[in-house]
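For reference, the structure I am asking about is given below.
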Amino acid sequence: KKLFPPDMESAVTEERFLFDELGTGTLVIGQPSDGALVYVNGKSAGLAPLTVELRAGPNYITREALGRPTITKTVMIDGGGSTATLDDPLPEHKGGAALRAAAAEVGRSPAGPKLRAAHGAIGAPELLLLARATSEGEDVAVAAFLYEMQGGKLIRKGEGRVPAAD
């Protein structure tokens with residue numbers, strides 16, 4: 001038996017009872033989140049749309065997508081094999097549509113016309129850092145590109161893989 005401080009023991013016992021009694025449920029993260037990076041309770045779950053099995057009770061779902069603010073939402077899972085959906089659209093950032101339109105140009109040097117237009121739409125910073133994430137099996141491949149926008153030159157590029165969390 002694990003020992004917990006007296007003030008935590010009842011919370012741990014209650015949580016364990018909830019898990020044992022209710023089990024898990026399914027969360028479907030739908031089309032309005034298409035392409036968003038999804039984190040479940042702080043751990044990477046992959047790219048939307050996707051379906052995940054979660055413990056009963058509150059779960060914290062974070063979605064990140066190009067041109068959109070990062071949103072974290074608490075989703076209650078009833079357990080007992082129930083299914084919940086998260087299909088509300090992510091709001092648009094200033095210049096978000098222009099950034100998505102320029103996505104095909106990311107990684108090219110010099111910056112193409114759509115990327116230059118997106119640069120102007122977000123306030124014309126001197127440097128522009130863009131990242132692309134794609135799902136590759138259980139992993140997420142990430143590439144980052146840093147542009148100096150005065151000349152539109154790609155000055156740094158980095159790539160890597162992030163394993164999906166357990």
Side-chain angles (χ1 to χ4, degrees), residues 2 4 8-108 112 114-115 117-119 121-122 128-146 157-166:
K2 293 184 179 183
F4 296 97
M8 282 186 63
E9 188 168 3
S10 65
V12 170
T13 303
E14 185 177 317
E15 179 66 25
R16 185 66 209 177
F17 174 74
L18 181 67
F19 180 78
D20 289 344
E21 198 64 29
L22 297 177
T24 61
T26 301
L27 176 64
V28 177
I29 300 168
Q31 201 65 26
S33 299
D34 199 18
L37 286 169
V38 177
Y39 298 88
V40 176
N41 298 319
K43 295 180 181 179
S44 175
L47 296 174
L50 61 92
T51 301
V52 290
E53 186 174 333
L54 300 172
R55 62 174 169 69
N59 288 272
Y60 304 97
I61 311 302
T62 302
R63 296 172 291 161
E64 298 177 347
L66 177 64
R68 301 183 184 279
T70 299
I71 302 290
T72 299
K73 190 170 192 174
T74 303
V75 177
M76 288 299 294
I77 300 297
D78 292 333
S82 66
T83 299
T85 59
L86 179 58
D87 57 6
D88 56 327
L90 295 172
E92 185 84 25
H93 259 319
K94 175 184 174 186
L99 283 170
R100 281 192 303 285
E105 293 181 358
V106 173
R108 297 182 193 161
K114 289 182 181 177
L115 192 53
H119 167 253
I122 62 171
L128 187 59
L129 176 64
L130 301 163
R132 179 179 349 178
T134 54
S135 183
E136 293 188 357
E138 294 293 314
D139 296 341
V140 176
V142 179
F145 307 90
L146 181 62
K157 176 182 175 181
E159 297 182 74
R161 295 173 66 83
V162 179
D166 294 329

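These numbers come from the heavy atoms of this one structure, side chains and all, not from hydrogens, waters or symmetry mates.
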Q. Who passes side-chain contact (heavy atoms from CB on, under 4.5 Å) against Leu146, sequence neighbours left out?
A.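 Testing Leu146 for side-chain contact (heavy atoms from CB on, under 4.5 Å), a comparison that skips the adjacent residues, returns Leu127, Leu129, Ile155, Arg156.
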Q: Can you measure from CZ (Arg55) to OG1 (Thr24) and round to the nearest 0.5 angstrom?
A: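 Answer for the CZ-OG1 pair, Arg55 versus Thr24, is 11.5 Å.
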Q: Using the test side-chain contact (heavy atoms from CB on, under 4.5 Å), find all partners of Asp78 that sit at least two apart in sequence or belong to another chain.
A: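 Asp78: side-chain contact (heavy atoms from CB on, under 4.5 Å) contacts with Ser82.
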Q: Kindly determine whether Val75 and Leu54 satisfy side-chain contact (heavy atoms from CB on, under 4.5 Å), including the steps that lead there.
A: CA-CA 10 Å; Val75 177; Leu54 300 172; 6.0 Å; no
Q | CG on Leu130 to NZ on Lys157, rounded to 0.5 Å | A | 13.0 Å
Q) For the atom pair NZ (Lys43) and OG1 (Thr62), what is the distance rounded to the nearest 0.5 Å? A) 14.0 Å
Q. Who passes side-chain contact (heavy atoms from CB on, under 4.5 Å) against Ala98, sequence neighbours left out?
A. Ala118, Ala121
Q. Any side-chain heavy-atom pair from Leu27 and Asn59 closer than 4.5 angstrom?
A.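 Contact flag for Leu27/Asn59 side chains = no.
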Q. If you round to the nearest 0.5 Å, how far is CG of Leu50 from CD1 of Ile29?
A. 4.5 Å
Q: Kindly give the heavy-atom pair with the smallest separation between Ala101 and Lys114, and that separation in Å.
A: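 Taking every non-hydrogen atom into account, O-CD, 3.4 Å.
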Q: Go through the structure and list residues passing side-chain hydrogen bond (donor to acceptor under 3.5 Å, both in side chains) with Thr70, not counting sequence neighbours.
A: none
Q.
Which residues pass the side-chain hydrogen bond (donor to acceptor under 3.5 Å, both in side chains) test with Lys73, not counting sequence neighbours?
A. Asp88
Q: State which residues pass side-chain contact (heavy atoms from CB on, under 4.5 Å) with Ala143; sequence neighbours excluded, sorted by chain then number.
A: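 Counting only residues at least two positions away or on another chain, Ala143 forms a side-chain contact (heavy atoms from CB on, under 4.5 Å) with Phe145, Glu159.
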Q: Write down the atom of Ile71, the atom of Leu90, and the distance for their closest heavy-atom approach.
A: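 Here Ile71 and Leu90 meet closest at CG1-CD2, 3.7 Å.
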Q | Contact summary for Ala36 and Arg63, nearest pair of heavy atoms | A |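 So the two residues come closest at CB-CB, 4.3 Å.
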Q | Residue from Ile61, Val52, Leu86 passing side-chain contact (heavy atoms from CB on, under 4.5 Å) with Val38 | A | Ile61
